[in-house]
Each structure stands twice: as C-alpha cells, then as structure tokens.
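Residue numbers start from 1 in every chain, and the chains themselves are labelled A, B, ... in the order their sequence lines are given, proteins ahead of strands.
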Amino acid sequence: MNSAAPAGVLDEQRRLDDLAPKLALGAVLVGLIGLAVSLVFGFIDGWAVFFRSYILNYAYVLSFALGALFFVLLQHVTRAGWSVVVRRLAEFVAGALPALAVLFVPILVPVLLGFEGVYPWSNAEQRHADPLLEWKSPYLNPAFFVVRCVVYFAVWAWLARYYLRRSLEQDQTGRVESTLAMQRWSGIGIVLYGLTLTFFSIDVIKSLAPEWFSTVFGVYYFSGCVVGFFALLAVGMVGLQRAGRLSRSITVEHYHDVGKLAFGFTVFWAYIAYSQYMLYWYANLPEETFWYSARQETPWWAGVSILLVIGHFVVPLLALISRFPKRRKNWLAAAALWVLVMHWVDVYYLVAPRAAQLHEAHPVSAAPLHVTDVSLLVGLGGLFLFAVVRLMAGRPLMPERDPRLGESLAYENI
Amino acid sequence: MSELTLAAKKRHVTPAAAAGRELYGLLVEFDDVEALKAAARRVREGGYQRWDAHSPFPVHGMDEAMGIRHTRLPWVVFFFGLLGCAAGVLLQWHTNAMDPQQFKFIPTFLQGFDFRISGKPLWSFPANIPVIFEMTVLLAALAAVIGMLAMNGLPRWHHALFGHPRFQRVTTDRFFICVEARDPKFHETRTSELLATLGGSEVERVYWPQRSPPPAWGRITGLIVLCLALFPPLWAYKMNVSLKAQPRIHIIQDMDNQEKYKAQQKNVAFADSRAMRPAIPGTIAREDAWALGTDPHFYEGRVGNAWAASFPPQIEITESLLRRGQRQFNIYCAVCHGLDGSGNGIVAKRAREKTQITSGWVPPTSLHDQTVRDRPVGHLFNTITNGIRTMPPYGDQLSVADRWAIVAYIRALERSQNARLEDVPPEVRSELR
C-alpha cells in the first residue's frame, strides 16, 4: 500500500459480523410489523389507499438500490480510484435488488386483477370507456406490464449480483481480471440500466396517470435515485464509523467527495424537475398541465410543491455548497438525513396525488396523508434494510484486494 | 568592507555580476520533493510571508508545509453569483413587469415596461428562472476566472525569476524556494544563512529585471494613437443625434428625394397653398349613402321594413338599361346561374362532375323557380349586394345602378322562360311556328 495511506489502516475493523445478526433481526421484525399494520389499515381504509402507499414507499426504497447500482456501474465505467473504499457498501445496497423483486409482486396483484383503484388502465371496463386508454392498451395492458417488469428485475438482479459476486471473489483471489471484467460489462450495463429504469418509472409511477406523458420522467426518477443514494451512503458511512468499522479507511476526503456528489445531483434533480415543469407551464396545454394542476390546486399540494423547491433544492444547496460542511461528518450526516426525508416527499409528490383522485367506486378518505404511508415506509424500509444487512454479514465491508485500493486510501482532495 | 563582499567572502552567496541592481530575493535550488517540503516548513517556521516554492508538478501537502491559507475566492464567486441572481431578477422585472405609470418620478429612459407575453403574468417566476440561472452562473464564472487572475497578480508582464538562468529548470526536474527582499523579515545575511542550511544548492541572488526606458517616439506615438482612438466612440455618440436643420450630406441619391408633393405639404400654385385638394362639396364616401340611410329604396332595395316591390324612381326601365343588365349578368352571374338563368353555369357543371365537392356544394338557384319569381325586386337587389346562403356578395364589384339593371334583366329572363303566345308581338309571331 501507498505510504500515504492512513496510519493504522491494517488494524481497523472491516466486518459487521457481530452486529449484523442483531441488526437484521431488528430490521425484519420492524418490517414485518409495519407490513402487518399496513394490511390492517388496508382492510379499514380500502385497498386503493393501501396500494398507493405501497407503490409510494416501494418506489422510495427501490430508488436507493437503483442509485447504488448506478454508482457501482459508474465507478467501473470511469475507472474511478477514489471510491473503492465505499464501493462495497454500494454493492451491498444494490445487492438487495433480488429481494426487492420479491417485494414488487404485491404491486402486480391489483394489475392482474384489473383493480382500477390503482392503475386505471388495468381494468378492461375503464379501457373500453376511455378512448385514450383504449389507444394505449397495446402497451398498457396487464400481460405486457408483467412481462416488462420481469425483464426489468431480471436485468437489475443480474447486474447487481454479478458486480457483488465479482467484487467478493476478488477479495479471495486478488486477481486483476475481476476488475477488468467488471469494467468491460459496465458500459453495456449502464445502457441497460438506463433503459430499464426509464421504462420502469414510466410503467409503475407515471402510468398512475395514464393520460399524461412526459419524456423526461425517467430522468426525473433517476435523479431522485442518485440523490437519495448519496444521502444514504453518507449516512451509512457515518453510521459505520460510529460503530467503529472502517474507521481509518474512510477519510475526510471520501466524505468530501460524497458530499460533492450529493450537492451536484441535488442541483441536477432541481434542473430536471424545473425543465419538466417549465415546459408544461409555458405551453399551458390542458392535456399536459392537469398532472401539475393536481399538485398545485389545493393548499396541501401547493405546500408540498413549495416544500420541495425550498427543502429539496435551496436548503441542501446552501448546506452543501461550501467545502467545510462536506468535510465535517456531523454536518454531512445531518444534511444527508434531511435529503433522505425530502426524497421521500419527492416520491410522495410523484405518486400520491393522482393515485388519490381515484374513481368514485373506490372513495378514499379526503386526507392526502394516510397511516399506511408511514406504516409501509417502516415496513418496506425495514425489509429493505434486512436484505442489505444480511448481505453484509460475513463479508468484508471494503474490497480488500482491489487493485485501486491504495489510490483510494491515499486519496486527497485539493 | 561592504556587507556584500563580506557575504561573498563567506562563500554563502555567489558574487553579484553587477552590483547596484535592486535585489528581488534569494533563491535556493533542490533536487527532490521531500527536501523541498522540509525546506518549506523551515522557511514558514522562520516567519517569512513573501516567499514561494516552485516545482514542475503539484506537490501534495505543499499547502500545509508552506502554511498557505484557504483561498477567499469561493466567497468572491458566491457573492458575484448572488449578484448575478439579483441582476437577473432586476433585469426581467425592469423589462417585463415594471409599470411605468407608477414610476413617473424617475427619468423616462429608466422607466421599465410591462409586457404581457403569452398571456402569462407580468412577473412570472417560472418563466424568469432560465435568465436568473444563467446570470447567476455567468457572473459567478466570470468572478472565478477574473478573481483567480487578480488574486494571483496576473496578468503581469514579467517575473524577476524568469531572468535567472538556473530557474529555467523549474519546468523540468528542479525545485526552488525564493524569499523576496520585500518580506518584512528579510535580512540579506540572516535569510541567506537560513537558506543555506536547508539542504539545497548555494543561495543565489535574484535581481529585478533592468527595464530600459521606452524610445522617445514611443510616448508621442502612443499619445497620438490614444487621441485617435477616442474618435470612433465620440463619432458614434454623435451619430444618432442631428442638431442641424440641414440634412446630412447624401452622396448616393438614388430616387430618395423626389419632385412630388407629399401629403400636408405646401403648394403655392393653389389659392389655399395646400398640396392636398379638399373634397368637392357634397362628396360622400361610398359607404355613407348606405350608412346615412338617405335613400333606402335605391341603395338597399327597401321600402320601410319590407323589400321594395318596384324599381326606385332613379331607375328608368329602358332597353339600354336591360342591355346593360344583360351584359353585367353575363359577366358576373352567368358563371354560376347560367346564361339562361337556370342554374347550369360552368361552375355548377364542373361541381357536378367533381362529385367529391358536391357534399358541400349548394347548387345555384334556378332563377325561374317560382320562389325567385315571387320575390320582390328589392329582395333580388339585396341578394346581389350582400349575397345569400353560399353566394358571395357582389356589392363591391357592381355599382348600385348596375345592380338594378341586372335585376331588371333577371325579370326579363324569367319572363322569357314563362311567356305565353300573347306576349310575343304580333309581327314576330310568325317566326315562332
């Protein structure tokens, strides 16, 4: 290793084996309780509300895994050296994608049953009644939807597992061929990632309002995924170091870079969100603006929109723009936690309004926020955490024999 | 003995090639990076502030070794970014949303505009964001570039070290430390003693470059060029303003100034000196007759609230009137209604052939229909003037008298297709059989 590596780096704790079982048990219990409570409220408040909350929190939890997968692919495409120390953490988060594929199955239930309270186009009657849905039915029909979702999750699961497997195998063999193979696949991996994520967001989130269309929607969801992931990574890094793991390898320089990326992608998110908004606002065509009208007309939703502008853009921008907050763990963790909350509000903003204006057959209570929104956050979040921690047990938290590890340990910002 | 020669005798300093030049500073050369960094630490500990380390490539950890503080440039950039943001807001508010009525107390050229674009509100924040964003980024970026240059003292014509022969190797494989003579703690002897202990080469003296004065003609020429350079902006300033009543020199005339009288000009050939002649008393515009309603029978074919059943008194039914009516009918009306008025003009024939347009095609009325025969002449006059159903108006193409002539001719046509033997004059009856 480079002589400039942090002192004592060979002696640090690089495993979570002692904590992982307890964490995993806690997470799965919390997750299952959350799910159970939500099912109860699903019976009480109606399944339309339940599935809306499920889609909302599922999209939230999935966005971290997708952001992590993007990070892993990106580091290989760019042959990055600084990030090796934290890449394994991203590989673990992305590795939860197969578990998330299982958690996606409940969303298929209302689709296959034609429950128009969730996806209007899944119901044959609705399709016949609305000529626009009829016209879109070659794409928006339950069978094709299921096929597409199988493809998305197959691609993601394969990519995530491949990168985790190769990276872990390099811990044992130390062979550079693993890195070369991961680099070789990363290019096509990113292309597949882009296509699958775009169409996933269109199918699962945007088709809640099937009459609407937006070509930048996939990019919007993607930007949220990346912002959310970097925030989660920062929180994870601080948390692990608090628990005494990786206390030497992760240096202030790595925090600085994660903070820089979180800042940059926050601005990127705002840019994409604004560009989608401005074009529809300026043209003012009713067939396009109704989606935004639903998110502006009532005081609640207008408040949520303003909250996103201020809380998801202005506050993180000002909090992370200077170099000093990015180099102080506590400050970075606080900003990251704030961004995690705001990211939930963003996904809520995408999913909830239209889904809440459901057809008269399934009246929902007037409140825009439901118990299930929170209980399913706990439920799905707990299960997601369980999936990630289970992967962490028994494995090093850092790629110990990556050829670029030295560069990463000695990394210095200007 | 001067201190200089004393120092030279101690072999700490190479003898100056030419005494009397102003000293810039003392330079010491190193072979490797670690020596440079250690030396930099020592110099910093010595309390020096005006000095620098030079190397062919960036050296990690040099900032700490030299004690270089974090730059203030980010604050400058941030400030100018905010300034740009405010400038973007102000620019758009001034040009789009400023109501000049409320700002009459400031000079007119500073009063803004209120422009409604695309029906959006005057101050419409979503539309204003692109310009605000660009102005923020623009001023921030300019501040970064210009600020960076300014804080580095750039651009400068020359640096004293470039004149030093050994310093050329700084771009290749040597490292240097130079302490400037302007440093408050600089002392020729003590500083050179310190530098000599740093583990580098012999301490060398660097002098300010000798600047030869500019040539005598240089200043005069420069002054003249500067004065000449003032001409274009002054001329441009004057160009848009014309303080003289005389027109400007106009070299290529083309047909710009013509010998004709324009409206509102003076012409002494007339008694009232007006180039425009007033209208003849009693002249009324064509529309006025109809608008004034002086003669609805003649101009509109109306008597009271009903269509006129007789021709107006101005119209005398003579053969010449009928001939005129025939001529005008054949020109204007026969294309649709046919020469005989039965609705088989060439336009109608073509429309029937083109079956696709018969769906919207209303066939021209046959003028021999009982409906038309029953209509009073005033109604027919109105139809020609204003059109009816899909027939366009012809009032702009035919004078009032001509329209009455056509009406008279139509009556004649109708009679021609519905005549009895008794209507034919006796002398011509034989020709019929």
Query - Part of B/P74 lying under 4.5 Å from any heavy atom of chain A - result: neither
Query raised in the report: Side chain, backbone, both or neither: which part of B/P130 has a heavy atom under 4.5 Å from chain A?
Result: both
Query raised in the report: In terms of heavy-atom pairs under 4.5 Å with chain A, which of B/G61, B/S124, B/A127, B/G119 leads?
Result: B/A127
Query raised in the report: Around atom OH of A/Y292, are there more than 12 heavy atoms of other residues, nucleotides or ligands at under 6.0 Å?
Result: yes
Requested in this report: Answer with side chain, backbone, both or neither: which region of A/L279 has an atom nearer than 4.5 Å to a non-hydrogen atom of chain B?
Outcome: neither
Query raised in the report: When you look at CZ of B/R69, are more than 12 heavy atoms from neighbouring residues, nucleotides or ligands closer to it than 6.0 Å?
Result: no
Query raised in the report: Does atom CH2 of B/W75 have more than 12 heavy-atom neighbours, drawn from other residues, nucleotides or ligands, at distances under 6.0 Å?
Result: no
Query raised in the report: Does atom CZ of A/R323 have more than 12 heavy-atom neighbours from other groups under 6.0 Å away?
Result: yes
Query raised in the report: How many angstroms lie between OH in A/Y271 and CD1 in B/I129, if you round to the nearest 0.5 Å?
Result: 12.0 Å
Query raised in the report: Taking all atoms of both residues into account, what is the closest heavy-atom pair of A/Y282 and B/K120, and its distance?
Result: O-NZ, 2.8 Å
Query raised in the report: Does B/R116 CZ have over 12 foreign heavy atoms under 6.0 Å away?
Result: yes
